Number of protein chains: 2
Amino acid sequence: MDECLQQESWRKDVLGVTIKQIAQMVGVSRGTVDRAIHGRGDVNPEVKARIEQVMRETGYRPNTVAKALKTAQTPMTFGVLIPAGNRFYEDAAKGLCEAEEVYAPYGVAIRRMEETELTAVRQAEQLAQLESENVNGIIMTAVDDPVVRQAVNKIAEKIPVITYNSDLTDTRRLCFIGQDHIAAGRASGTLMGKMIRREGTVAVLVGSKHMLAHLERAEGFRQALREQGGNTVLPELYETHESDGRAYSLVKWLVETQCDLAGICVTGGGQAGAGAALAASGKAADIRLACYDTLPETIQHVKDGVADYTIAQDPFLQGYLPVKILYEYLAFGTKPKREKLFTRIDIRVKDNIMDAGYELFTGWNGKR
Amino acid sequence: MDECLQQESWRKDVLGVTIKQIAQMVGVSRGTVDRAIHGRGDVNPEVKARIEQVMRETGYRPNTVAKALKTAQTPMTFGVLIPAGNRFYEDAAKGLCEAEEVYAPYGVAIRRMEETELTAVRQAEQLAQLESENVNGIIMTAVDDPVVRQAVNKIAEKIPVITYNSDLTDTRRLCFIGQDHIAAGRASGTLMGKMIRREGTVAVLVGSKHMLAHLERAEGFRQALREQGGNTVLPELYETHESDGRAYSLVKWLVETQCDLAGICVTGGGQAGAGAALAASGKAADIRLACYDTLPETIQHVKDGVADYTIAQDPFLQGYLPVKILYEYLAFGTKPKREKLFTRIDIRVKDNIMDAGYELFTGWNGKR
DNA sequence: TTGAAAGCGCTAACAA
DNA sequence: TTGTTAGCGCTTTCAA
């Protein structure tokens, strides 16, 4: 940290020492140095020691750009499983698209596999298909099922697999990129508690009781409210079945029957319907509404003050980062920093609802 | 968007067509194609037209990796002005450090200029110094003063200047990277309003009345509270002079004298002291405390529940992104997407207080 | 076990 | 106005 501020880095030798220079210093050829570095082929132990010595002294660092140029000569293909028909993935697709563009000069091709039918068996088939196509890595949103687990474990022995958005624990997958849904639920619960101040009851809606993400958000939400003490949460988890119509009816019914209703948390699909019902009831000013993700309707509800806040999870990053990580793993052998890379828990109120995500970091300009 | 999901991109020709291939097709040499592309040197209009035709047909895209490798041969230096002794910049320095490492193979060197004395005259001197050192670009936190404005305008005619964290409007600077402080203030005000619900008065503390960022946050905060109606904000802006001791006294005094105090917003330095005073008063549970940035003490206050939330601004990105943008501008001619690149307004409660920022995107591992 | 040479895509200096 | 050549740093044959 201090080093970052203080280091005298204004060196003319930005580019550092090259393999060629090291070869000269040691008095061998470039090929030998290369072999010594990568441990391929045979190299005289003594010579190797001398090379390593010089590398250490000169602080040799491989030139990533040159390496990439070379690596691109043997292109690689990443297979990506995409659950179709889900709005979240439309945004993730932008990140994937951007990554595709950025990594094309690195020799990376993207093989998309879209699928509406999200079943374990179908997913196992897709994995087998990708394997038969000899892809060099797989990026997937996993269905949590033993069949998939087994398929992933088998394939991961040969090629790296990265999960995004929804993880598959206890497998050999390289890493997971997505949100910590429990923590995201807690963040919502903490905010809700501060806003309702123990006055009234709170209802929790889930998209589906079979969606782990929704259940975890609900669980975290409850936890955080409980820890603040004195809050009443209705015990039932109301299912919207990802339908705005169903969410509308549910919220309408809740508002009418729960006279002390102070807040609603919608953990999954149906935010638009829930917001519409609340607005129609005329009680939007008195009842807090918490949402997840940033679908256009949710954004509108937050802007209008119908929803108090929503918690986003940066789909763009979830589309982009897996490609980056997979490439660096295969090209440079760089392992991900952690096994679980949690994207941020991104709290949005009306004033930051349009904030840029990681798009800012990339060249993404929304044209594609 | 749809294109992103649907495009048939599983092509074997990931790498695309090269200059060499185009030269072959047109029946000229690589040099000619290169000249035609870049408009340097003379090239027969007819030949040029044919080349452009083929480029369009084949969808030629320059290989960024190869281009970077070549560009690195003529290294460039970026001068960076860093206000020393400010904790925010310790974090920004990490991003700068990471960028330095990433862009070293691209031939980018970083020339740091630290300065405790943040005056217009001193800053103009530093700019002149950097210019005399023939740096290829400048990255700076600007002091808002006509002297600096003039110096920047003069230097920006020759080399690109990027401002970060604090902008210098009405100048020829290439772009600004930092937070929209008004919007950040509004976000805090919106949250505060939802939490206090018109019950009691709110006090606003600034680090210094001479810091535009603090004033803007205060202004946005007030705006948002006002728009929610019925809230009382004390008219005075209390100055902490960036001192925890002063902030402590101020908050102690406010809590003791303002019997209906419901919330405090600290827009600048002194968060630690403000939090300590509130905790000592025993009223932390009844009075909301809003902070900015993520200094260790602020984080602790949020964790302890003394502060309800804090609004961060991703210092890492502010250190990293200017280097990336400057490089791409100079190497590829890529202009920034917008003139003002607003980093996100990052609301943190106890449950997401430790969220990763853009570090996740880079290889940053906290070792340096 | 090691060296020499070729080539990735792009640019630039030099010739023609 | 155009072609040729060399070279960036790295890897990978092919010879020795």
Side-chain angles (χ1 to χ4, degrees), chain A residues 13-51 55 58-76 103-108 328 330-333, chain B residues 13-51 55 58-76 103-108 328 330-333:
Chain A
D13 59 341
V14 228
L15 293 174
V17 65
T18 71
I19 284 192
K20 194 179 176 182
Q21 288 171 308
I22 291 189
Q24 254 170 358
M25 291 175 183
V26 180
V28 292
S29 76
R30 318 218 290 285
T32 306
V33 176
D34 187 68
R35 282 186 287 266
I37 291 174
H38 298 98
R40 42 182 165 238
D42 293 310
V43 94
N44 185 321
E46 258 181 55
V47 176
K48 184 166 178 182
R50 283 224 314 288
I51 290 173
M55 287 205 313
T58 55
Y60 170 79
R61 311 263 272 140
N63 183 314
T64 50
V65 178
K67 197 161 186 165
L69 184 60
K70 183 65 191 173
T71 305
Q73 284 170 202
T74 49
M76 38 187 153
Y103 284 94
Y106 294 78
V108 175
E328 289 174 357
L330 290 169
F332 309 135
Chain B
D13 59 341
V14 227
L15 293 173
V17 65
T18 71
I19 284 191
K20 194 178 176 184
Q21 289 172 304
I22 292 191
Q24 255 170 356
M25 291 173 182
V26 181
V28 292
S29 76
R30 316 215 293 286
T32 307
V33 176
D34 187 67
R35 281 186 288 266
I37 291 175
H38 298 98
R40 44 181 163 240
D42 292 309
V43 79
N44 186 321
E46 256 181 58
V47 176
K48 186 167 176 182
R50 284 225 313 286
I51 290 174
M55 287 204 314
T58 56
Y60 171 79
R61 313 262 273 141
N63 183 314
T64 51
V65 178
K67 198 160 185 165
L69 183 61
K70 181 67 190 175
T71 305
Q73 283 174 65
T74 50
M76 39 188 152
Y103 284 93
Y106 294 78
V108 174
E328 290 173 358
L330 291 170
F332 310 134

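Residue numbers start from 1 in every chain, and the chains themselves are labelled A, B, ... in the order their sequence lines are given, proteins ahead of strands. Note: hydrogens, waters and symmetry copies are ignored here, and every other heavy atom, side chains too, is used. Every value quoted in this text rests on a predicted model; they were computed, and no experiment measured them.
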For A:I51 and D:dC10, what is the distance between atoms CD1 and P respectively, to the nearest whole Å? 14 Å

Length of the CE-P vector between A:M55 and D:dC10, whole Å: 11 Å

Using OP1 and OP2 only, check whether a side-chain N or O of B:T32 sits under 4.0 Å from D:dT2. no

B:N63 versus B:V65, closest heavy-atom pair with distance: OD1-N, 2.9 Å

So salt bridge (charged side-chain N to carboxylate O under 4.0 Å, His left out) across residues 60-74 of chain B, not counting sequence neighbours, yields A:E101-B:R61

For residues 14-26 of chain A, dump all side-chain donor-acceptor pairs below 3.5 Å to protein atoms at least two apart in sequence or in another chain.
residue, atom, partner, partner atom, Å
A:T18, OG1, A:K20, N, 3.3
A:T18, OG1, A:Q21, N, 3.1
A:Q21, OE1, A:T18, N, 2.8

I'd like to check the ring-ring contact (aromatic ring centres under 6.0 Å, His included) partners of B:Y106; sequence neighbours left out, ordered by chain and number. B:Y103, B:Y327

Which residues pass the side-chain hydrogen bond (donor to acceptor under 3.5 Å, both in side chains) test with A:S29, sequence neighbours left out? A:T32

Sugar-phosphate, base or nothing in reach of B:V65, heavy atoms under 4.0 Å: nothing

Figure out the CD/C1' separation between B:E46 and D:dT2, and round it to whole Å. 15 Å

For the helix from C:dT1-D:dA16 to C:dA16-D:dT1, measure the angle between the helix axis at one end and the axis at the other, each built from five pairs, rounding to 10°. 50°

With sequence neighbours left out, write down each residue that passes side-chain hydrogen bond (donor to acceptor under 3.5 Å, both in side chains) with B:D34, or none if nothing qualifies. B:H38

Minimum heavy-atom separation for B:A66 to A:L69, with atom names? CB-CD1, 3.8 Å

Under 3.5 Å between N/O atoms: give me all the protein pairs with nucleotides 9-12 of chain C, atom names plus distance.
residue, atom, partner, partner atom, Å
C:dC10, OP1, B:Y60, OH, 2.7
C:dC10, OP1, B:N63, N, 3.1
C:dC10, OP2, B:I19, N, 2.8
C:dC10, N4, B:R30, NH2, 3.0
C:dT11, OP1, B:H38, NE2, 3.4
C:dT11, OP2, B:D34, OD1, 2.6
C:dT11, O2, B:K70, NZ, 3.3
C:dA12, OP2, B:R40, NH2, 3.4

Is there a side-chain contact (heavy atoms from CB on, under 4.5 Å) between A:V47 and A:I51 once you walk through the steps? CA-CA 6 Å; A:V47 176; A:I51 290 173; 3.9 Å; yes

Could you check whether A:D42 gets within reach of a base, just the sugar-phosphate, or nothing at all, counting any heavy atom under 4.0 Å? base

